[in-house]
Protein chains: 2
Amino acid sequence: MEHREISRAVIKRLPRYYRYLGELMQEGVERISSGELSKRMQITASQIRQDLNNFGGFGQQGYGYNVKYLYHEIGKILGLDKTYNLIIIGAGNLGQAIANYANFERRGFVAKAMFDTNSQLKGKTVRGIPVYSMDDLEDYIRNNDVQIAALTLPKAGAEAAAKRLIKIGIRGIWNFAHTDLRVPDDVVVENVHLSESLMRISYRLSNQEE
Amino acid sequence: MEHREISRAVIKRLPRYYRYLGELMQEGVERISSGELSKRMQITASQIRQDLNNFGGFGQQGYGYNVKYLYHEIGKILGLDKTYNLIIIGAGNLGQAIANYANFERRGFVAKAMFDTNSQLKGKTVRGIPVYSMDDLEDYIRNNDVQIAALTLPKAGAEAAAKRLIKIGIRGIWNFAHTDLRVPDDVVVENVHLSESLMRISYRLSNQEE
DNA sequence: TAGATTGTTAATCGATTAACAATC
DNA sequence: TAGATTGTTAATCGATTAACAATC
């Protein structure tokens, strides 16, 4: 199925739709109109209909949208019908926190291994997830199915680690290092720059519109 | 000084400018033109000039921008000339990871205390930062200067915790819980929804444009 | 059928890019 | 002064909202 290019803005909203639909499902709500969903999500009904129509007509005139159906359809669009194996580069606090966060697995993201240059961590496990030496990175990826790598190491090592990962075939990078990675077109990088997020708080606190 | 409303898009880019200028400073670069910066940052020179001009003329025709000056000016705009005390609600892995991340302090964000409903954690410290009972939250905030609270607890408790924080006077919330908080207008919420970030990776991996 | 609500086109709004006069 | 580069206006592009005919 060929669909035209979806804008970045729409993609960014999809997981939020998915979350709200999941909640509605848990509440036992069977159907919802763009108007009702609009009230819940604090976005316009028009935007909801526009967004969903990027992927085809999920609704029905006079009825609205079937919650369960729409939830699963958006799940498929997001690629959540598949499982992704994840490795974590950098077994420090952040890396361990991610390894410990079992909830990601519910969505199909399974942490399989951690890697660290610090040989003292070698052999350690976090929630059953082993820490290996960075020396073993290529071997591990060759012998295991890995789709996504989380970079939870200091900025200084991030670019080099990314290069190795890309060379050996990884196409998804979840980058927590405070740097912009330069990668080929077919590699997906999703940045989580926590310090930038903090700075936006301080900006808004400092420049609070009265 | 009254300046007109700055758009959300511009604010989002400011920390990135700040990061690049910091790097230039470290490299010993004294001045930079919008054209050169454009090449580094992969955004148009026009956008750079537009963005900076929201805050006044930082550059000089025929010369460009003085790196050190611009760095400090953007720092001031971002409110990084002040110190912010931070408390962490939820002393689980993510909370501890944030407590452990000393780098935030370099930017003026100082973690002071953690709170958890799990009384077993009470008395524990992480990098010298103590864990208190949630029962002591209001007392602590009354007796200490706290500007920002990080919510690193499960979704179920997040809304209630936010209510308590706001009631006692906190105006900055760094929300890691997978829920949208409803807050008064003068409260700043910055969301970090890690699972949504993962979903965007899976979307892009699944729908990779060939 | 009448009422509700979608899918979709058209209008508006905002953000980005281009262009160039001002000026160091 | 001549060259470089900003600050700023105008043009373009894209995203959001409004409107309404189609249709369940």
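So you know, we letter chains A, B, ... as the sequences are listed, proteins then strands, and number each from 1. These numbers come from the heavy atoms of this one structure, side chains and all, not from hydrogens, waters or symmetry mates. Here the structure is a predicted model, which is why all the values come from computation and not from measurement.
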Enquirer: Who does C:dC24 pair with, Watson-Crick or G-U, both distances under 3.5 Å?
Expert: D:dG3

Enquirer: Aromatic rings A:Y132 and A:Y140: how do their planes relate, parallel, tilted or perpendicular, breaks at 30° and 60°?
Expert: tilted

Enquirer: Looking at C:dT9, does its base get a donor-acceptor pair with the side chain of A:Q50 below 3.5 Å?
Expert: yes

Enquirer: Check the phosphate of D:dT6 against B:S34, side-chain N and O only, distance under 4.0 Å to OP1 or OP2. Yes or no?
Expert: yes

Enquirer: For B:F55 and D:dG7, what is the distance between atoms CZ and P respectively, to the nearest whole Å?
Expert: 13 Å

Enquirer: Does atom NZ of A:K82 have more than 12 heavy-atom neighbours from other groups under 6.0 Å away?
Expert: yes

Enquirer: Both B:Y65 and A:I43 contact DNA chain D. Taking the nearest nucleotide for each, which residue is further toward the 5' end?
Expert: B:Y65

Enquirer: Check the phosphate of C:dT17 against B:T44, side-chain N and O only, distance under 4.0 Å to OP1 or OP2. Yes or no?
Expert: yes

Enquirer: Test B:N54 against every option in B:I77, B:V10, B:L14 by the side-chain contact (heavy atoms from CB on, under 4.5 Å) rule and name the one that passes.
Expert: B:V10

Enquirer: Rounding to a whole Å, what distance do you find between B:N53:CG and C:dA22:P?
Expert: 16 Å

Enquirer: Taking atom P of D:dT5 as reference, at what distance in whole Å does atom CG of B:L70 sit?
Expert: 16 Å

Enquirer: Can you find a side chain N or O atom of A:Y63 that sits less than 4.0 Å from OP1 or OP2 on C:dG7?
Expert: no

Enquirer: The side chain of B:Q61 lies closest to which of these nucleotides: D:dT8, C:dC24, C:dG7?
Expert: C:dC24

Enquirer: Given atom CE of B:M41 and atom C1' of C:dT16, what is their separation to the nearest angstrom?
Expert: 15 Å

Enquirer: Would you say B:R49 places a side-chain N or O within less than 4.0 Å of OP1 or OP2 belonging to D:dG7?
Expert: no

Enquirer: How close or far is atom P of D:dT8 from atom CD1 of B:I48, stated in whole angstroms?
Expert: 17 Å

Enquirer: Could you state the atom-to-atom distance from CZ of A:F58 to P of D:dC24 in whole Å?
Expert: 17 Å

Enquirer: Please confirm whether the ring centroid of B:Y84 lies under 6.0 Å from the ring centroid of B:W174.
Expert: no

Enquirer: Once you apply a heavy-atom cut-off of 4.0 Å, does A:R13 come out as touching a base, just sugar-phosphate, or nothing?
Expert: sugar-phosphate

Enquirer: For A:K155, is the NZ atom crowded, meaning more than 12 foreign heavy atoms sit under 6.0 Å from it?
Expert: yes

Enquirer: A:Q47 or B:G62: which one's nearest nucleotide on DNA chain D is closer to the 5' end?
Expert: B:G62

Enquirer: What pairs with A:E105 under side-chain contact (heavy atoms from CB on, under 4.5 Å), at least two apart in sequence or on another chain?
Expert: A:V110, A:R127

Enquirer: Rounded to the nearest Å, what distance is computed from the CG atom of residue B:N66 to the C1' atom of nucleotide C:dC24?
Expert: 15 Å

Enquirer: Rounded to the nearest Å, what distance is computed from the CZ atom of residue B:R8 to the P atom of nucleotide D:dT16?
Expert: 14 Å

Enquirer: When you get a sec, tell me which of D:dT6, D:dA15, D:dT16 is the closest nucleotide to the side chain of A:S7?
Expert: D:dA15

Enquirer: Choose from C:dT16, D:dA18, D:dT23 the nucleotide whose nearest atom is closest to any side-chain atom of A:S46.
Expert: D:dA18

Enquirer: Give none if C:dT8 has no partner; otherwise give the nucleotide forming a Watson-Crick or G-U wobble pair with it, both distances under 3.5 Å.
Expert: D:dA19

